[in-house]
Amino acid sequence: MSTIGQRGIQYLRKLNAANVPAALLEKGQDRVINASLALIRESAKLKGELVRALGGAVASSALLGVPLGHNSSFLQGPAFAPPRIREAIWCGSTNSTTEEGKELSDPRILTDIGDVSIQEIRDCGVDDDRLMNVISESVKLVMDEDPLRPLVLGGDHSISLPVVRTVSEKLGGPVDILHLDGHPNLYHEFEGNKYSHASPFARIMEGGYARRLLQVGIRSITTEGREQAKRFGVEQFEMRAFSRDRHLLQNLKLGEGVKGVYISIDVDCLDPAFAPGVSHIEPGGLSFRDVLDILQSLHGNVVAADVVEFNPQRDTVDGMTAMVAAKLVRELAAKISK
């Protein structure tokens, strides 16, 4: 486990060793959690009021950072991704217009709520069960401010569970999920961790939060990954057959009969030639234009999305992967906003 992953555990052990009463510790944890949620709540209210005052938006993308990396099985660098993605979104080397012509400087297209205070909460010794609930509550606070829709910046892929769970519960039923990734992330648990970044879609399917789960870009999959896919009825599109499946994937129609479409993009769905700044480098992936073609041609009501697993600590080529992640966010914002 990294230094980031150890800090909260070490702090809790020190308090326990000092015989700090459990009630006192829990009270302190509550204060930190409530402070974090209050900041998200007030930011969401302000941005929601602004969008409603401008008028004309049925749905508006709202960035919410979830800088969590400790559920990674290899490197924890994705915890540092949200600020780097934001920096790249507004980088002066490019303009703020999406490919279809939407202007990101318009709050009705994209606004920013800020980050969930993940490390501050973990430093108080809060466990993952409670931490996932904090993430869920943060997403709910965003969705409470109609027409805001969450566009979440990870963080590792474990964050998709609380986000999808909240979107489904808030909308009152399951969604269809388009999941782009080099890995299926369907382990029942990984290295004893039910919240591992290798397991979120097992939890999502167990919870009934998704009707259909389509996984695109898969090229690193174990026997368990295929067995879990059969168990849950997951539709997997492996890269070894991408040339055969290309036409289908560029003409997807999702969300009919359910509450909408959720898109989850792990940056390592891309070939590392396009995005080297990831923890798990797996050659043979999608091109960036492949991904954009799939997103831009998708027919369906996109109600929320996430971009995860960008690792700035491995982004050694002049911030190239940060710009890739930022462009994914831009195009998702265009897909969500109406």
Side-chain angles (χ1 to χ4, degrees), residues 1-7 61 63-96 98-99 104 110 112 114-116 118-119 151-160 163 179-183 185 196-198 200 216-220 239 263-292 294-295 305-333:
M1 187 179 293
S2 72
T3 301
I4 294 173
Q6 287 281 9
R7 280 170 55 186
S61 300
L63 294 181
L64 178 68
V66 184
L68 184 156
H70 67 274
N71 283 322
S72 296
S73 59
F74 180 44
L75 300 173
Q76 283 74 42
F80 303 106
R84 294 295 300 276
I85 297 173
R86 286 188 178 92
E87 180 183 5
I89 289 171
W90 304 111
C91 177
S93 71
T94 185
N95 60 51
S96 59
T98 69
E99 288 197 351
L104 295 181
L110 183 67
D112 197 342
D115 290 350
V116 181
I118 297 295
Q119 195 56 52
L151 177 44
V152 179
L153 308 179
D156 68 47
H157 221 143
S158 67
I159 71 164
S160 293
V163 180
H179 168 210
L180 290 89
D181 201 326
H183 316 83
N185 297 345
S196 169
H197 71 156
V216 181
I218 305 299
R219 58 196 185 278
S220 178
M239 282 307 301
I263 301 176
S264 181
I265 302 181
D266 183 324
V267 177
D268 73 26
C269 71
L270 292 157
D271 190 273
F274 299 93
V278 296
S279 299
H280 297 268
I281 294 172
E282 190 68 41
L286 295 159
S287 75
F288 193 77
R289 182 49 57 182
D290 289 334
V291 173
L292 289 191
I294 291 168
L295 294 179
D306 65 52
V307 175
V308 299
E309 295 287 353
F310 163 47
N311 184 347
Q313 295 177 327
R314 303 195 95 185
D315 195 13
T316 57
V317 189
D318 296 327
M320 182 173 75
T321 312
M323 295 301 291
V324 166
K327 176 121 181 171
L328 291 171
V329 170
R330 289 165 175 254
E331 296 305 311
L332 286 169

S.K.: Looking only at heavy atoms, which two atoms of Val324 and Phe274 are closest? And how far apart?
M.R.: CG2-O, 3.3 Å

S.K.: Could you check whether any side-chain heavy atom of Glu331 comes within less than 4.5 Å of a side-chain heavy atom of Leu292, counting everything from C-beta outward?
M.R.: yes

S.K.: Who passes side-chain contact (heavy atoms from CB on, under 4.5 Å) against Ala88, sequence neighbours left out?
M.R.: Ala322, Met323, Ala326

S.K.: Looking at CG of Leu328 and SG of Cys269, how far apart are the two atoms once the value is rounded to the nearest 0.5 Å?
M.R.: 7.0 Å

S.K.: Would you call Asp181 and Ile265 a side-chain contact if the rule is heavy atoms closer than 4.5 Å?
M.R.: no

S.K.: To check you understand the geometry: which heavy-atom pair defines the closest contact between Pro78 and Pro82, and what is its length?
M.R.: O-CD, 4.0 Å

S.K.: I want to check something: taking the side chain as every heavy atom from C-beta on, are Ile218 and His183 in contact at a cut-off of under 4.5 Å?
M.R.: no

S.K.: For a quick test of reading the model, state the closest non-hydrogen atom pair linking Gly154 to Ile85 and the distance between them.
M.R.: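 Scanning both residues completely, I find the closest heavy atoms to be O-CD1, 4.3 Å.
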
S.K.: Would you give the length of the straight line joining atom CD1 of Ile159 to atom OG of Ser264, rounded to the nearest 0.5 angstrom?
M.R.: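 Reported to 0.5 Å precision, the distance equals 7.5 Å.
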
S.K.: Quick one: side-chain hydrogen bond (donor to acceptor under 3.5 Å, both in side chains) partners of Arg86, sequence neighbours excluded?
M.R.: Asp112, Asp115

S.K.: Give the C-alpha distance, both sets of side-chain angles, the deciding distance and a yes or no for side-chain contact (heavy atoms from CB on, under 4.5 Å) between Leu151 and Val329.
M.R.: CA-CA 8 Å; Leu151 177 44; Val329 170; 3.8 Å; yes

S.K.: Identify, with sequence neighbours excluded, every residue that meets ring pair (Phe, Tyr, Trp, His ring centres under 6.0 Å) alongside Phe74.
M.R.: His280

S.K.: Check side-chain hydrogen bond (donor to acceptor under 3.5 Å, both in side chains) between Asn311 and all other residues, then give those that pass, not counting sequence neighbours.
M.R.: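 Listed in chain order: Ser279.
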
S.K.: Scan residues 265-284 for pairs that pass salt bridge (Lys or Arg N to Asp or Glu O under 4.0 Å), counting only residues two or more places apart or in two chains.
M.R.: none

S.K.: Can you give me the closest heavy-atom contact between Ser72 and Glu309, atom names plus distance?
M.R.: OG-OE1, 4.4 Å

S.K.: Can you list the residues that meet the side-chain contact (heavy atoms from CB on, under 4.5 Å) rule with Pro312, with sequence neighbours excluded?
M.R.: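 Residues passing side-chain contact (heavy atoms from CB on, under 4.5 Å) with Pro312: Phe80, Ala81, Arg84, Phe310.
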
S.K.: Run the side-chain hydrogen bond (donor to acceptor under 3.5 Å, both in side chains) test against Ser73 and tell me which residues pass, sequence neighbours left out.
M.R.: His197

S.K.: Would a distance-only check, ignoring hydrogens and angles, find a side-chain to backbone donor-acceptor pair under 3.5 Å from Arg219 to Pro283?
M.R.: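 Yes; at least one donor-acceptor contact below 3.5 Å.
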
S.K.: Report the distance from atom CG of Leu68 to atom CG of Asp156, rounding to the nearest 0.5 Å.
M.R.: 5.0 Å

S.K.: Just to verify, what does His179 make a ring pair (Phe, Tyr, Trp, His ring centres under 6.0 Å) with, not counting sequence neighbours?
M.R.: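 Residues passing ring pair (Phe, Tyr, Trp, His ring centres under 6.0 Å) with His179: His157, Phe201.
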
S.K.: A side-chain contact here means heavy atoms from C-beta on lying under 4.5 Å apart; do Leu63 and Leu110 qualify?
M.R.: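 Yes - at least one pair of side-chain heavy atoms lies under 4.5 Å apart.
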
S.K.: Residues in side-chain hydrogen bond (donor to acceptor under 3.5 Å, both in side chains) with Ser61, at least two apart?
M.R.: Ser337

S.K.: Does Asp290 have any side-chain contact (heavy atoms from CB on, under 4.5 Å) partners at least two apart in sequence or in another chain, and if so, which?
M.R.: Phe242, Arg246, Leu286, Ser287

S.K.: Do Met320 and Pro276 touch side chain to side chain, with heavy atoms closer than 4.5 Å?
M.R.: yes

S.K.: Quick one: side chain to side chain donor-acceptor pair (under 3.5 Å) pairs with a partner in residues 319-330, sequence neighbours left out?
M.R.: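 Of all non-adjacent pairs touching residues 319-330, those that pass side chain to side chain donor-acceptor pair (under 3.5 Å) are Glu99-Lys327, Asp315-Thr321.
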
S.K.: Nearest 0.5 Å, what's the CG-CG distance between Asp306 and Leu153?
M.R.: 9.5 Å

